[in-house]
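In what follows, a single structure is set out as structure tokens and then discussed.
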Amino acid sequence: MSTTRPYSPGDRGPEPGVGGASGASGGGAPREGVIAEGVPEGPPVSAPAGGGRTRRMSFEGESGVVPLARDFTRQALYAWGWLPAANADQRAAAEDVLLVVSELVTNACLHAEGPDELWIACDNKVLRIEVSDRGAGQPAPRTPHRAGRPGGHGMFIVQRLCLDWGVIRTPGATGKTVWAEVGGPGAPGAPLG
């Protein structure tokens, strides 16, 4: 996966003109469909214990959801002190989070009628990403993984970058939530990127 952005996310501040997608409090109202930090309508399927921070973004009526999700996540990383990156480990952890968000949202677009919501929950050691959708499929890394072939790398990337990931289904409800946890910079067991 590649990006057309000229700089890595750790090399610059929050992007201007993203609207209230950051969910940040202060100055201006949050964008439609986005709940400000600390004021979610309900908890993520499994928020981190210990009073972590959460943000939620609804994709209802949105187009270009992958860049929206990345910008939303980038702004959360700035608000939570993951960015700007002070060193290579912090930059790698932030880039891993942005890549995992991109892969999960892209998979929801390609295989599950599009994403419904993105939840991001963070404590000081782990950042949890949850993408809900209306799809019935079961995401899994393609086996055997063939690095030289186009496509089919999303869940392999998620598996490699994350401490853990999985799928949660609510009995009697349509859809699922795909979650992944990324270790913070310097967290024990954090992937090396």
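We count residues from 1, following the sequence as given. Worth saying up front: this structure is predicted, and the values here are computed from it rather than measured.
To the nearest 0.5 Å, atom CD of residue Glu117 and atom CD of residue Glu130 are 10.0 Å apart. With rounding to the nearest 0.5 angstrom, the CD atom of Glu95 is 8.5 Å from the CG atom of Leu83. The structure places OG1 of Thr106 at 9.0 Å from NE2 of His111, a figure rounded to the nearest 0.5 Å. With values rounded to the nearest 0.5 angstrom, Leu104 atom CG is found 9.5 Å from Leu99 atom CG.
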Item to complete: Show your working on side-chain contact (heavy atoms from CB on, under 4.5 Å) between Val105 and Phe59 and close with a plain yes or no.
Response: CA-CA 10 Å; Val105 173; Phe59 294 107; 4.3 Å; yes
Worksheet entry | side-chain contact (heavy atoms from CB on, under 4.5 Å) evaluation trace for Leu118 with Thr73 | CA-CA 9 Å; Leu118 166 64; Thr73 303; 3.8 Å; yes
Item to complete: Decide side-chain contact (heavy atoms from CB on, under 4.5 Å) for Leu127 and Glu181; before the verdict, give the C-alpha distance in whole Å, the side-chain angles of both, and the deciding distance to 0.1 Å.
Response: CA-CA 6 Å; Leu127 188 136; Glu181 293 179 342; over 6 Å; no
Item to complete: Given side-chain contact (heavy atoms from CB on, under 4.5 Å), test Asn107 with Val178 step by step and report yes or no.
Response: CA-CA 10 Å; Asn107 277 355; Val178 181; over 6 Å; no
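Closest heavy-atom contact between Ala94 and Leu77: O-CD1, 3.9 Å. Val182 approaches Cys162 most closely through the heavy-atom pair CG2-SG, 3.9 Å. Smallest separation of non-hydrogen atoms from Val97 and Trp82: CG2-CZ3, 3.8 Å. Closest approach of Cys109 to Pro115, counting heavy atoms only: SG-CD, 3.8 Å. Among all heavy-atom pairs drawn from Gly114 and Asp133, the shortest one is O-CB, 3.5 Å.
At distances below 3.5 Å, not a single donor-acceptor pair connects side-chain atoms of Arg91 with backbone N or O atoms of Pro84. Between the side chain of Ser132 and the backbone N or O of Lys176 there is no donor-acceptor pair closer than 3.5 Å. In this structure, Gln75 contributes its side chain and Asp71 its backbone to no donor-acceptor pair below 3.5 Å.
For Arg128 and Trp119, the positive end is not near the middle of the six-membered ring at less than 6.0 Å and at most 45° from its axis.
Residues Asp164 and Trp179 have side chains in contact (heavy-atom distance under 4.5 Å, counting atoms from C-beta outward).
For the pairing with Val100, the side chain to side chain contact (heavy atoms under 4.5 Å, CB included) check across Ile157, Ile129, Val131 returns one residue only, Ile129.
Met155 and Val167 fall within a single hydrophobic cluster, where Ile, Leu, Val, Met, Phe, Trp and Tyr side chains are chained together by heavy-atom contacts under 4.5 Å.
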